[in-house]
Colleague: 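Sending over a structure as structure tokens; questions will come in a sec.
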There are 2 protein chains.
Amino acid sequence: MDNTTPPAPKSDMTAGYILDTQVGFLLRRATQRHLTIFSGLIPAITSTQFAALSKLCELGPTSQNALGRATAMDAATIKGVIDRLRKKGLITSRRDPDDQRRIFVAASEAGSALYHDTVQSAQKVSEETLSPLSKAEQTVFLEFLSRLT
Amino acid sequence: MDNTTPPAPKSDMTAGYILDTQVGFLLRRATQRHLTIFSGLIPAITSTQFAALSKLCELGPTSQNALGRATAMDAATIKGVIDRLRKKGLITSRRDPDDQRRIFVAASEAGSALYHDTVQSAQKVSEETLSPLSKAEQTVFLEFLSRLT
DNA sequence: ATCGGATTGTTCGTATACAAACAGATTTTG
DNA sequence: CAAAATCTGTTTGTATACGAACAATCCGAT
């Protein structure tokens with residue numbers, strides 16, 4: 001009576017790990033695709049910069065670090081984003097008179113205008129990113145995804 | 001007959017866009033969380049480096065660019081990853097004698113050892129990342145996520 | 001055989017992203 | 001009030017990530 005199931009070679013001990021099905025790898029690829037869609041529809045500004053600008057338009061003038069917290073960027077990251085947005089003339093910044101540590105940032109005229117001009121495209125970016133899923137699937141997916149944050 | 005739904009002020013025209021519910025923002029935050037879990041469980045190597053190393057162990061010796069394609073990294077990115085893996089002694093590389101353009105990369109002894117020693121932790125990373133979802137939800141989520149790549 | 005196109009890897013520039021160390025300002029505590 | 005703890009923003013270093021331009025090599029069509 002021979003064993004009908006051939007013994008797995010030693011090298012198969014790690015066959016259980018398939019990179020292409022790991023959540024981290026899939027998250028990275030989905031993010032890549034999303035960023036491609038974003039830069040295609042909104043070439044003027046990056047996804048991260050748009051996130052900061054939109055939060056700024058939503059919240060009004062905010063301190064730099066607070067804006068970073070609201071957009072999930074650490075202090076070092078938000079500084080770079082703010083610097084680049086200011087260089088583009090999309091935001092203004094000034095010291096908070098009540099707290100000499102803080103820097104108040106606010107959307108400039110040009111920043112508000114750009115935001116209002118691109119927010120519909122941003123909606124399209126989200127739609128196109130999710131377009132491989134049905135409406136019902138999109139709802140489920142977003143609900144699950146939001147639980148993984 | 002007064003209109004019972006009060007007219008939205010002009011500034012609300014963009015209220016439909018809430019950053020925190022956009023798929024791109026959620027993808028970024030989920031990726032952040034995943035990377036935090038990864039570096040907590042596998043401090044020796046980054047998520048990206050592990051991806052390259054695991055694909056290398058799966059495929060055997062491969063050209064640098066081909067490995068990049070297999071791990072969704074462009075030529076410039078995979079170069080940096082390969083350089084850092086080689087500096088750590090986890091891979092070796094040599095010119096392909098049959099094609100002077102190509103560079104063959106392969107996992108070193110240390111690289112294979114590290115991979116086999118950490119692959120179970122990598123499984124745990126995926127599990128922990130998905131742990132806010134039930135098993136059934138995880139299956140659905142991964143299926144949807146893989147469709148967005 | 002050679003020329004034109006494709007592929008491979010490199011380099012540069014820009015943009016996130018985060019850890020760690022830091023200085024200055026403010027707040028909390030004792 | 002004074003010391004300690006906290007918060008704010010900056011800087012440095014490292015690691016992805018990608019577009020664009022480039023040289024060397026290979027390959028296919030003529």
Side-chain angles (χ1 to χ4, degrees), chain A residues 24-25 27-40 42-53 62-88 90 93-105 149, chain B residues 24-25 27-40 42-53 61-88 90 93-105:
Chain A
F25 187 69
L27 282 172
R28 189 159 68 83
R29 296 222 293 150
T31 300
Q32 285 175 343
R33 176 166 162 276
H34 171 258
L35 292 178
T36 300
I37 293 169
F38 193 101
S39 67
I42 307 182
I45 202 179
T46 69
S47 171
T48 310
Q49 289 165 13
F50 183 84
L53 184 60
T62 319
S63 86
Q64 184 176 295
N65 275 10
L67 182 61
R69 267 177 251 120
T71 52
M73 302 178 207
D74 76 355
T77 300
I78 192 67
K79 183 194 189 304
V81 175
I82 290 293
D83 286 351
R84 287 181 284 275
L85 284 173
R86 187 175 34 233
K87 195 197 266 185
K88 292 185 185 189
L90 300 176
S93 56
R94 58 181 171 76
R95 217 93 214 179
D96 181 345
D98 296 341
D99 187 336
Q100 289 302 316
R101 296 170 304 179
R102 284 202 179 92
I103 293 179
F104 258 118
V105 290
T149 54
Chain B
F25 187 68
L27 282 172
R28 190 160 66 84
R29 296 222 292 151
T31 300
Q32 286 175 343
R33 176 167 162 275
H34 171 259
L35 292 178
T36 299
I37 293 170
F38 192 101
S39 66
I42 307 180
I45 202 181
T46 69
S47 171
T48 311
Q49 289 165 14
F50 183 85
L53 183 60
T62 320
S63 85
Q64 184 175 296
N65 275 10
L67 183 60
R69 267 176 252 119
T71 52
M73 302 179 207
D74 75 356
T77 300
I78 192 66
K79 184 195 188 301
V81 175
I82 290 293
D83 286 349
R84 287 182 285 274
L85 285 173
R86 187 174 36 231
K87 195 197 267 186
K88 293 184 184 190
L90 300 176
S93 57
R94 59 183 170 72
R95 217 92 214 178
D96 181 344
D98 296 340
D99 187 337
Q100 290 300 121
R101 295 169 303 177
R102 284 206 179 87
I103 292 180
F104 258 118
V105 290

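Throughout, protein chains are lettered first and strands after them, A, B, ... in sequence-line order, and every chain is numbered starting at 1.
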Colleague: For the residue pair A/I45 and A/L85, establish whether any side-chain heavy-atom pair is separated by less than 4.5 Å.
Modeller: yes
Colleague: Of the options D/dT8, D/dT10, C/dT16, whose atoms approach the side-chain atoms of A/N65 most closely?
Modeller: D/dT8
Colleague: Which side-chain N or O atoms in residues 63-71 of chain A pair as donor and acceptor under 3.5 Å with protein atoms at least two apart or in another chain?
Modeller:
{"unit_1": "A/S63", "atom_1": "OG", "unit_2": "A/A66", "atom_2": "N", "d": "3.2"}
{"unit_1": "A/T71", "atom_1": "OG1", "unit_2": "A/L67", "atom_2": "O", "d": "2.7"}
{"unit_1": "A/T71", "atom_1": "OG1", "unit_2": "A/G68", "atom_2": "O", "d": "3.3"}

Colleague: Just N and O in the side chain of B/R102: are any of them under 4.0 Å from OP1 or OP2 of C/dT10?
Modeller: no
Colleague: How long is the line joining NE2 of B/H34 and P of C/dA17, in whole Å?
Modeller: 16 Å
Colleague: Could you note down all residue pairs passing salt bridge (charged side-chain N to carboxylate O under 4.0 Å, His left out) where residues 42-53 of chain B supplies at least one of them, sequence neighbours left out?
Modeller: none
Colleague: Measuring from atom CG of B/L27 to atom CZ of A/R28, what distance do you get when rounded to the nearest 0.5 angstrom?
Modeller: 13.5 Å
Colleague: Whole Å only: how far is the NZ atom of A/K87 from the P atom of C/dT14?
Modeller: 7 Å
Colleague: Can you tell me how far apart CD1 (B/I103) and CD1 (B/I82) are? Round to the nearest 0.5 Å.
Modeller: 9.0 Å
Colleague: Spell out protein contact along nucleotides 18-26 of chain D as letters: B when the base is contacted, S when just the sugar-phosphate is, - when no protein heavy atom is under 4.0 Å; keep the 5' to 3' order.
Modeller: BB----BBS
Colleague: Can you tell me the distance, in whole Å, between the CD1 atom of A/I103 and the C1' atom of D/dT10?
Modeller: 9 Å
Colleague: OP1 or OP2 of D/dA15 versus the side-chain N and O atoms of B/T48: is any pair under 4.0 Å?
Modeller: no
Colleague: For A/L90 and C/dA15, what is the distance between atoms CG and P respectively, to the nearest whole Å?
Modeller: 12 Å
Colleague: So, is A/R33 close to the D/dA17 phosphate, meaning a side-chain N or O under 4.0 Å from OP1 or OP2?
Modeller: no
Colleague: Provide, to the nearest angstrom, the distance between the CD1 atom belonging to B/I82 and the C1' atom belonging to C/dT8.
Modeller: 14 Å
Colleague: In whole Å, what is the span from the CD atom of A/Q64 to the P atom of D/dC7?
Modeller: 17 Å
Colleague: Using whole Å, report how far CG of B/L85 lies from P of D/dT16.
Modeller: 8 Å
Colleague: For A/F38 and C/dA15, give me the distance from atom CZ to atom P, rounded to whole Å.
Modeller: 14 Å
Colleague: Looking at A/A72, is its backbone amide N or carbonyl O close enough to the side chain of B/Q32 to form a donor-acceptor pair, meaning the two atoms are under 3.5 Å apart?
Modeller: yes
Colleague: Pair B/R33, B/I37 - check side chain to side chain contact (heavy atoms under 4.5 Å, CB included), show working.
Modeller: CA-CA 6 Å; B/R33 176 167 162 275; B/I37 293 170; 4.0 Å; yes
Colleague: Is the phosphate of D/dT16 approached by B/T46 (side-chain N or O, under 4.0 Å from OP1 or OP2)?
Modeller: yes
Colleague: With heavy atoms under 4.0 Å as the rule, sort A/S63 into base, sugar-phosphate or nothing.
Modeller: sugar-phosphate
Colleague: Please check the phosphate of D/dG9 (OP1 and OP2 only) for any side-chain N or O of A/R95 closer than 4.0 Å.
Modeller: no
